[in-house]
Each structure stands twice: as C-alpha cells, then as structure tokens.
> 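Quick one: the structure is below, and I'll ask about it shortly.
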Amino acid sequence: MDADGVTFRFPDSRHALEAVAVYQEVASPRPGPDLRRVDGAWSARLARPKVDRMEYLFELLHPDGQAELVCDPANPRRASGAFGDKSVVEFPEYRPPAWVGEPPAPDGPMRDLDLGGVATGCLWSPYGTEPDEPLPLLVAHDGVEYARYSGLRAFFDRLWRAGTLPAMRAALLQPVARDDQYSASPAYAKALTEVVLPRLGQLAPMPAGRRYRVGMGASLGALAMLHAHRTEPASFGGLFLQSGSYFHHRFFRHEISFGHFERIRWFLDRVHASGHWNLPIPIVMTCGEVEQNFRNNRATALALRAQGYPVRFLPVRDAHTWVGWRDAFTPGLLELLKELWA
C-alpha cells in the first residue's frame, strides 16, 4: 500500500484456484479488480479511489465452480459488520477520531426495551444520572448494531465523561422487520410516532419540546427517520442521517430490484417536489464520496435546504461502512446535539 494505491496478492502456489478478485465497494467495477497469476500467486493493482480507508474481501473461484469470500490472510486489520469481518486498508492520511483512542470510560447503564412489537433494543443513560431525571433523547435506528460495529455506546460514555457531550439518553432501537419497516412504510412511521416515542417518553423522561428528541439512522434507517419526520413533523427536533437510501428516480437504478423500491421512490419524489416546509428542523447528513447513492444524498440535502431546513451535508472519505459512519460522529453528530441541547 502507498499513497497512490494498493497492490493485492493472494498465494496460490499449487494452482488450486480458477480465479481471484477483490470484492470491494469503493471503485468500479464492483467487485474488481480481477487478479492475475504472478509467480505462484494472484496479483492486481488498484489505483487509489477517493477514500482514506477501504474494506475488502477476496472472492475465490474454485475448480468446481463454487465461489467463496474470504478475508486477506496476509492482512491482520479487520472491520466487523453484520455479515462478518472484512479486511481493511488504511491509507497514510487516515486518522480515526480522537475519542476512539481515549481510555475506556465507566459504562452508562443499559436497559432492555420491548416497544409494543414494533422494535426492541436498549436504553442507554449516562453514568451516575437518576432514572427519573428529564434528559434529552437520541433515538437511533439500528442502534444496537451502531453500538456493536460503530462504537456508539463508547462514543456516549467517553464524551460524557470528558464533559463534551450534553447530558442525554439514547434509545438504541432494533427493528423486527427491517426491510419493510425502514422503507418509507406509513405503518411503521405511525407506529414509531404513536407507539414507540410515547413509550420511550414514559421510560426516559425528557424536557418539553421536540428539540430535545433527535433521530438518527444509516442507510434504510436514515430514510425511515426522514420519513417519520415528514409524516409527523412534531416527532423530532433534529436528525442525523448517514448514507440514506434515498432512491430518487433521477440518479438511482442499481437498487431497482429492492422489494420496496417504488414506495421509497414515491416518497422521495414527493420530498424533492415539495416547496417551502412549515416546520423545518436542523439536519446533518453524511455520505461516503464513493457510494453509489452519493448524488441522491447530496440532491436530497439540497432539496431540504431549499425548503428552509438548516442542513449540513458532510462528505466522508469512506464507503457504506460502520467505521465510515463512526468517523463522522465528530463533528457531525456531536455538533448537532450540542447545538440543540447545550
């Protein structure tokens, strides 16, 4: 690896493989490049894309026609995710956020949530706060996975201990049927605003006013948060949206086979066609510059801004990854919460 790109090698001295390719989401073609046999191994060079880090696997084609995805056996760096580990390349400019390297902080208590069959999850509170103390609330779609793969709970604990994060609680939600619930579903938006949020209000008292409740999500979870806000504008006082699945018809085709594509497109077409919005809220949006849906994220940010929303759009030099989302917590999420709750 160097500043201009990375050379991949996969050992195969016995010629046991028919083909090897790099499986990645930062450059076209995806997957690619294909490796060629060189001196008892497979090798290929990838010119550096517009990222500071990248995750990848090797796709191995065996003689019997079976394909297999594996991590790079020569690279110890790994990133975890819902579908397993991936190998990681970090280019010279990459720096993780400062809070990631800070010493562990006392864990804030976690309480299991069962929210009327709509979602499960956990409620995080700052270490040493009283259960009945009114505090602002962050509601995170896919919050359990955010905590597991993006270090969201460590972000809360460490920045709370440092006095950087305002006093708050966080509801880390886990859906019961993600693809259906998070795909601009009117039924889910109704259940979230009429069942989940009132129940959270009983479990986690907060000050009066929508500014003290912020929604957060990535990918389909970001779409679902925007949809809930547009369905019931009083539900949230701010949104932190990462790599949203904004399948707007002008810029998007590769997800057209997704089961709820038309429902999502119909909602986004309405968002983009709207004029002035009477109840805008602060929104921070982040998206990897190499993501296939980057243009839709940027176009949606511009459409919301034209409707009166104070939108900040933050490009990220990563792809559609949990670590890329983590790296945008600062300044994006931190500044939003401080703006609304300080």
> Could you work out the complete set of other residues in the hydrophobic cluster of F58, with links drawn between I, L, V, M, F, W and Y side chains under 4.5 Å apart?
M1, V6, F8, F10, L17, V20, V22, V26, L35, W42, L46, V51, M54, Y56, L60, V70, V89, F91, V290
> Evaluate the side-chain proximity of F247 to L223: yes if any heavy-atom separation is below 4.5 Å, no if none is.
no
> State which residues pass salt bridge (Lys or Arg N to Asp or Glu O under 4.0 Å) with R111; sequence neighbours excluded, sorted by chain then number.
none
> Starting at CD1 of I281, measure out to CG of L304 and round the result to the nearest 0.5 Å.
9.5 Å
> Would you say the side-chain atoms of D85 and S80 include a donor-acceptor pair closer than 3.5 Å?
yes
> By the ring pair (Phe, Tyr, Trp, His ring centres under 6.0 Å) test, which pairs, at least two apart or in different chains, include something from residues 278-305?
F294-F313
> Do you reckon V323 sits in the same ILVMFWY cluster as Y23, going by side-chain contacts under 4.5 Å, direct or chained?
no
> Roughly how far apart are W277 CH2 and H229 NE2, rounded to 0.5 Å?
6.0 Å
> Which residues satisfy the side chain to side chain contact (heavy atoms under 4.5 Å, CB included) test with A191, sequence neighbours excluded?
V118
> How far apart are the C-alpha atoms of F267 and H227, what are their side-chain angles, what is the distance that settles it, and do they pass the ring-ring contact (aromatic ring centres under 6.0 Å, His included) test?
CA-CA 8 Å; F267 165 64; H227 181 253; 4.8 Å; yes
> Are side-chain heavy atoms of L268 and H272 found at a separation under 4.5 Å?
yes
> Is a side-chain donor-acceptor pair under 3.5 Å present for R37 with S43?
no
> Within the distance-only criterion (no hydrogens, no angle test), does the side chain of E145 pair as donor or acceptor with the backbone N or O of D142 below 3.5 angstrom?
no
> Are L220 and Q181 side-chain neighbours, meaning at least one heavy-atom pair lies under 4.5 Å?
no
> Okay, side chain of E232, backbone of A234: is any donor-acceptor separation there less than 3.5 Å?
yes
> How would you list, by chain and number, every residue that makes a side chain to side chain contact (heavy atoms under 4.5 Å, CB included) with D112, sequence neighbours excluded?
C122
> Would you kindly say whether R77 and S87 are connected by a side-chain donor-acceptor distance under 3.5 Å?
no
> Is the closest side-chain heavy-atom distance between W99 and L334 below 4.5 Å?
no
> Between T300 and N297, does any side-chain donor sit less than 3.5 Å from a side-chain acceptor?
no
> Which atoms form the tightest heavy-atom contact between M225 and L239, and what is the distance?
O-CD1, 4.1 Å
> Taking only residues two or more places apart in sequence, or in another chain, which ones meet Y188 in a ring-ring contact (aromatic ring centres under 6.0 Å, His included)?
H141, Y182
> Under the ring-ring contact (aromatic ring centres under 6.0 Å, His included) rule, collect the residues that match up with W160, sequence neighbours excluded.
none
> Begin from the C-alpha positions of S274 and Q307 and carry the test side chain to side chain donor-acceptor pair (under 3.5 Å) through to its verdict.
CA-CA 7 Å; S274 295; Q307 295 166 28; 4.7 Å; no
> Check side chain to side chain donor-acceptor pair (under 3.5 Å) between D107 and all other residues, then give those that pass, not counting sequence neighbours.
none
> Using the side chain to side chain contact (heavy atoms under 4.5 Å, CB included) definition, which of the options L333, L337, T164 pairs with L159?
T164
> Quick check: does any side chain N or O of Q24 sit under 3.5 Å from a backbone N or O of G32, one acting as donor and the other as acceptor?
yes
> Under a 4.0 Å threshold between the charged nitrogen and the carboxylate oxygen, would E289 count as salt-bridged to K50?
yes
> Does any non-hydrogen side-chain atom of L57 lie less than 4.5 Å from one of C71?
yes
> Using a 3.5 Å distance criterion without hydrogens, assess whether the side chain of D157 forms a donor-acceptor pair with backbone atoms of G108.
yes
> Is there a donor-acceptor contact under 3.5 Å from the side chain of R213 to the main chain of S235?
yes
> Using a strict 4.0 Å threshold on nitrogen-to-oxygen distance, state whether D39 and R9 make a salt bridge.
no
> Salt bridge between R53 and E93, side-chain N to carboxylate O under 4.0 Å?
no
> Of all heavy-atom pairs between P11 and A41, which one has the smallest distance, and what is that distance?
CA-CB, 4.0 Å
> What residues join F83 in its hydrophobic cluster, counting side-chain heavy atom gaps under 4.5 Å, either direct or through other members?
none
> Please check this pair: side chain of R169 against backbone of P205, looking for a donor-acceptor N/O pair closer than 3.5 Å.
yes
> With A222, which residues qualify under side chain to side chain contact (heavy atoms under 4.5 Å, CB included), at least two apart?
L241, Y246
> Less than 4.5 Å apart, any side-chain heavy atom of L135 and any of P126?
yes
> May I ask you to decide if P104's main-chain N or O and R161's side chain share a donor-acceptor pair within less than 3.5 Å?
yes
> Between the side chains of Q242 and Y146, is a donor N or O closer than 3.5 angstrom to an acceptor N or O?
yes
> Between the side chains of R48 and D4, is the shortest nitrogen-to-carboxylate-oxygen separation below 4.0 Å, so that they form an ion pair?
no
> Sequence neighbours left out, what passes side chain to side chain contact (heavy atoms under 4.5 Å, CB included) with P134? Give chain and number order.
P207
> Flag the pair E59 / P31 as yes when at least one side-chain heavy-atom distance between them is below 4.5 Å, and no otherwise.
yes
> What I'd like to find out is whether the side chain of V311 reaches to under 4.5 Å of the side chain of L302, using heavy atoms alone.
no
> Identify whether the distance between the nearest side-chain nitrogen and carboxylate oxygen of R263 and D180 falls below 4.0 Å.
yes
> Indicate yes or no for a side-chain donor-acceptor contact from R211 to the backbone of L340 under 3.5 Å, with no hydrogens or angles considered.
yes
> Is a donor from one side chain sitting under 3.5 angstrom from an acceptor on the other, for T120 and Q174?
no
> Distance from L138 atom CG to L172 atom CG, nearest 0.5 Å?
8.0 Å
> Assigning hydrophobic clusters by single linkage (Ile, Leu, Val, Met, Phe, Trp, Tyr; side-chain heavy-atom cutoff under 4.5 Å), is F155 placed with M216?
yes
> Hey, is CZ on R45 packed in by over 12 heavy atoms from elsewhere, all under 6.0 Å?
yes
> Using the six-membered ring wherever Trp is involved, compare the ring planes of W325 and H320 and label them parallel, tilted or perpendicular (cut-offs 30° and 60°).
perpendicular
> Considering all heavy atoms of both residues, which atom of P63 and which atom of A16 are nearest to each other, and what is their separation?
CD-O, 3.2 Å
> Is any side-chain N of the basic residue among E335 and K338 closer than 4.0 Å to the acidic one's carboxylate O?
no
> Would you mind listing the cluster partners of V88? Hydrophobic ones only (ILVMFWY), side-chain contacts under 4.5 Å, chaining allowed.
none
> With no hydrogens and no angle check, is any side-chain donor or acceptor of R326 less than 3.5 Å from a backbone partner on P96?
no
> Between atom CG of L197 and atom CG of L137, what is the distance when rounded to the nearest 0.5 Å?
8.0 Å
> So does A147 get a backbone contact from the side chain of S150, meaning a donor-acceptor N/O pair under 3.5 Å?
no
> With rounding to the nearest 0.5 Å, note down the distance linking CG in D52 to CG in D318.
8.5 Å
> Return the CG to CE distance between L336 and M285, rounded to the nearest 0.5 Å.
13.0 Å
> Check the hydrophobic clustering (I, L, V, M, F, W, Y; side-chain heavy atoms under 4.5 Å; chains of links allowed) and say if W124 and V196 are grouped together.
yes
